[in-house]
Amino acid sequence: MSKEITWTQEKKTSFQEDLLTWYRLEKRDLPWRESTDPYRVWVSEIMLQQTQVVTVIPYFNRFMEWFPTIEALANANEDKLLKAWEGLGYYSRVRNMQHAAKEIVKTFDGKMPNKIEDILSLKGVGPYTGGAIGSIAFSLPEPAIDGNVMRVYSRLFCLADDIALPKTRKVFDRYVRDTMSQSEPGDFNQALMDLGATICTPTKPSCETCPIQAYCEAKKTNTISKYPVKKKKEKAKPLYYVADILQNDTGAFLLEKRPSDGLLADMWTFPMREVTKKDYDRFSQIYDSHDVSTGMVAEQLNLYDEVENIKDKNLLGIVTHIFSHRKWHILVVQDKLNGLKDTHLTNQKWVYLDEFPQYVFPKPQQKMVELLKKSMNN
DNA sequence: AATTCGGGGCA
DNA sequence: TGCCCAGAATT
């Protein structure tokens, strides 16, 4: 079924040397490369999942200050932990990491285990991250196959397997395992990542400066642009919401904690409710056609009866936010009367503006707060 | 095997 | 806009 690897041992060796030589010369200077301490490698690899290097750097430095050791992570306060991750996304990553840290303290004497099976047993550590930790921290000859590596190898061997399919990772595993450096697996894996990030890029790769162009089948056959093969993703499904900004007579705002599972678990937002696209459109069209810098009252537009749920509200603005699989459209409204409304829901809380930084806000909420602050300055 | 998890960088 | 990013867990 899949192609055989036809490289001689001599070719493999010289390929590895060319790649490693380039890496020693050109490798990026990154905070987590100051050492190969397993904890630092682990934290960086988790943060780097589906996240670009430039985004991770400040988060990584702060995280290491706040939680310098595995034990510190295991014992960390949950709110502080989530706060350290605020804005980074995929929040289950940090919950899983603490779960794993506790496991390491309990089962592995507080030290990252050095056997690949044990590393892979940790919550949140999959084939990629396990290979990265194993190879970089413990020099285990394990591949670390991510999007970069699949792109590089798909071109190197003209592999047309759809890299969006789960089973394709096994194909690449075989190729990388068979061609990687056994003596310096950590540098080899990191070299592939750097190559994918700086030379063998998705569009317009710099083949002229590529240290392994002589080995590249796609370069030889002038088919670079055909690789990697990847099925297109579904578009994000649009969802429509109204968010209420309510303020009590002491000036505090009502916040609501999201459920413990699902999207943005345990994070705080203004109370939101889903509305139909029809209701959303009606109101947002009106919004588009008017100056909203001073806010607008639906009531004044005789839409009182047409726009259910949002009458009596001042529209502060619209927040949109794109996740990987859905797109939120949020009408942000404020009760036009500074109401004396109260709440008895346990997942809600009255919070003053200057206390907001103590709460973990996902991006859409941060955007809504910006709208609120802007309106308060007018 | 398909879906569900955020958010930003960049043409 | 659409694509990609040092992916893993859940269903």
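Below, read A as the first sequence line, B as the second, and so on, with proteins coming before strands; counting in each chain starts at 1.
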Task: Qualifying ring-ring contact (aromatic ring centres under 6.0 Å, His included) pairs, either residue in residues 210-234 of chain A, two or more places apart - done: A:W7-A:Y215, A:F15-A:Y215
Task: Rounded distance (Å) that lies between atom P of C:dA6 and atom OH of A:Y23 - done: 14 Å
TODO: Just call it for A:S92: base, sugar-phosphate, or nothing, with non-hydrogen atoms closer than 4.0 Å on any strand.
DONE: nothing
Open item on the list: Salt bridge check, A:R24 against A:E184: does any charged N sit closer than 4.0 Å to a carboxylate O?
Closed with: yes
Show the distances under 3.5 angstrom between N or O atoms of the protein and N or O atoms of nucleotides 9-11 of chain B.
| unit_1 | atom_1 | unit_2 | atom_2 | d |
| --- | --- | --- | --- | --- |
| B:dG9 | O4' | A:Q52 | OE1 | 3.1 |

Task: B:dC5 to C:dC5 separation - C1' atoms, rounded to the nearest Å - done: 15 Å
Open item on the list: Once you apply a heavy-atom cut-off of 4.0 Å, does A:K233 come out as touching a base, just sugar-phosphate, or nothing?
Closed with: nothing
Open item on the list: With rounding to the closest Å, how many angstrom separate the C1' atoms on B:dG6 and C:dC3?
Closed with: 16 Å
TODO: Could you check whether A:L88 gets within reach of a base, just the sugar-phosphate, or nothing at all, counting any heavy atom under 4.0 Å?
DONE: base
TODO: Tell me, please, which residues at least two apart from A:P362 pass side-chain contact (heavy atoms from CB on, under 4.5 Å).
DONE: A:L264, A:M267, A:T269, A:P364, A:Q365
Task: Nucleotide of C:dG2, B:dG7, C:dA6 approaching A:R151 most closely (side-chain heavy atoms) - done: C:dA6
Task: Distance, rounded to the nearest Å, where A:K230 contributes NZ and C:dG2 contributes C1' - done: 12 Å
Open item on the list: Distance check needed: B:dA2 P versus A:K237 NZ, whole Å only.
Closed with: 19 Å
Open item on the list: Going by the rule side-chain contact (heavy atoms from CB on, under 4.5 Å), which residues pair with A:L239 if we only count those two or more places apart in sequence or in a different chain?
Closed with: A:K237, A:Y241, A:E274, A:R326, A:W328
- [ ] State, with a plain yes or no, whether a side-chain heavy atom of A:L81 is found less than 4.5 Å away from one of A:F67.
- [x] yes
Task: Earlier contact from the 5' end, DNA chain B, for A:E234 and A:A265 - done: A:E234
Open item on the list: Whole angstroms only, please: what is the NZ-C1' distance between A:K232 and C:dC4?
Closed with: 15 Å
Open item on the list: Under a 3.5 Å distance rule, please check whether A:S206 uses its side chain to pair with a backbone N or O of A:E208 as donor and acceptor.
Closed with: no
Open item on the list: Counting only side-chain heavy atoms from C-beta out, which of C:dA6, C:dC4, B:dG7 sits nearest to A:E45?
Closed with: C:dA6
Task: Spacing of A:L192 atom CG relative to C:dC5 atom P, expressed in whole Å - done: 14 Å
- [ ] Could you check whether A:P364 gets within reach of a base, just the sugar-phosphate, or nothing at all, counting any heavy atom under 4.0 Å?
- [x] sugar-phosphate
Task: By side-chain hydrogen bond (donor to acceptor under 3.5 Å, both in side chains) - contacts of A:S139 (at least two apart) - done: none
Task: Gap between atoms CD and C1', on A:Q366 and B:dG8 respectively (whole Å) - done: 13 Å
Task: Non-hydrogen atoms of A:M180 and A:P141 that approach each other most closely - done: SD-O, 3.9 Å
- [ ] Check side-chain hydrogen bond (donor to acceptor under 3.5 Å, both in side chains) between A:Y240 and all other residues, then give those that pass, not counting sequence neighbours.
- [x] none
- [ ] Output yes when a side-chain donor or acceptor of A:T107 lies under 3.5 Å from a complementary backbone atom of A:I104, and no otherwise.
- [x] no
Task: Nucleotide nearest A:V53 when distance is taken to its side chain, options B:dG7, C:dC5, C:dA6 - done: C:dA6
Open item on the list: With a 4.0 Å limit, can you tell me whether A:H321 has a side-chain N or O closer than that to the phosphate oxygens OP1/OP2 of B:dG7?
Closed with: yes
Under 3.5 Å, N/O pairs linking protein and nucleotides 7-11 of chain C:
| unit_1 | atom_1 | unit_2 | atom_2 | d |
| --- | --- | --- | --- | --- |
| C:dG7 | OP1 | A:G147 | N | 3.4 |
| C:dG7 | OP2 | A:L48 | O | 3.4 |
| C:dG7 | OP2 | A:Q50 | N | 2.6 |
| C:dG7 | OP2 | A:Q50 | NE2 | 3.4 |
| C:dG7 | O5' | A:Q50 | N | 3.4 |
| C:dA8 | OP1 | A:G126 | N | 3.1 |
| C:dA8 | OP1 | A:G126 | O | 3.4 |
| C:dA8 | OP1 | A:Y128 | N | 3.4 |
| C:dA8 | OP1 | A:T129 | N | 2.8 |
| C:dA8 | OP1 | A:T129 | OG1 | 2.8 |
| C:dA8 | OP2 | A:Y128 | N | 3.3 |
| C:dA9 | OP1 | A:G124 | N | 2.5 |
| C:dT10 | OP1 | A:K123 | NZ | 3.4 |

Task: Non-hydrogen side-chain atoms of A:T179 and A:F157 separated by less than 4.5 Å - done: yes
- [ ] Output the residues of residues 67-76 of chain A in contact with DNA chain C, where contact means a heavy atom of the residue under 4.0 Å from an atom of the strand; sort by number or write none.
- [x] none
Open item on the list: Determine whether a donor-acceptor pair (N or O, by modelled atom type, separation under 3.5 Å) exists between the side chain of A:D194 and the backbone of A:R28.
Closed with: yes
Open item on the list: Can you check the distance between B:dA11 and C:dA6, where both ends of the measurement are the P atom (answer in whole Å)?
Closed with: 15 Å
Open item on the list: What is the separation between atom OH on A:Y59 and atom C1' on C:dA6, rounded to the nearest whole Å?
Closed with: 17 Å
Open item on the list: Under 4.0 Å, counting only non-hydrogen atoms across every strand here, what does A:G87 touch: a base, just sugar-phosphate, or nothing?
Closed with: sugar-phosphate
Open item on the list: Among residues at least two apart in sequence or on other chains, which ones pass side-chain hydrogen bond (donor to acceptor under 3.5 Å, both in side chains) with A:Q49?
Closed with: A:T129
Task: Nearest-angstrom distance from the residue atom CG of A:D173 to P of C:dA6 - done: 19 Å
TODO: Using side-chain hydrogen bond (donor to acceptor under 3.5 Å, both in side chains) as the criterion, list what pairs up with A:K230, not counting sequence neighbours.
DONE: none
Task: A:P271: side-chain contact (heavy atoms from CB on, under 4.5 Å) partners, not counting sequence neighbours - done: A:L254, A:E256, A:Q348
Open item on the list: If you take any heavy atom closer than 4.0 Å to DNA chain C, which residues from residues 24-33 of chain A end up in contact?
Closed with: A:R28, A:L30, A:W32, A:R33
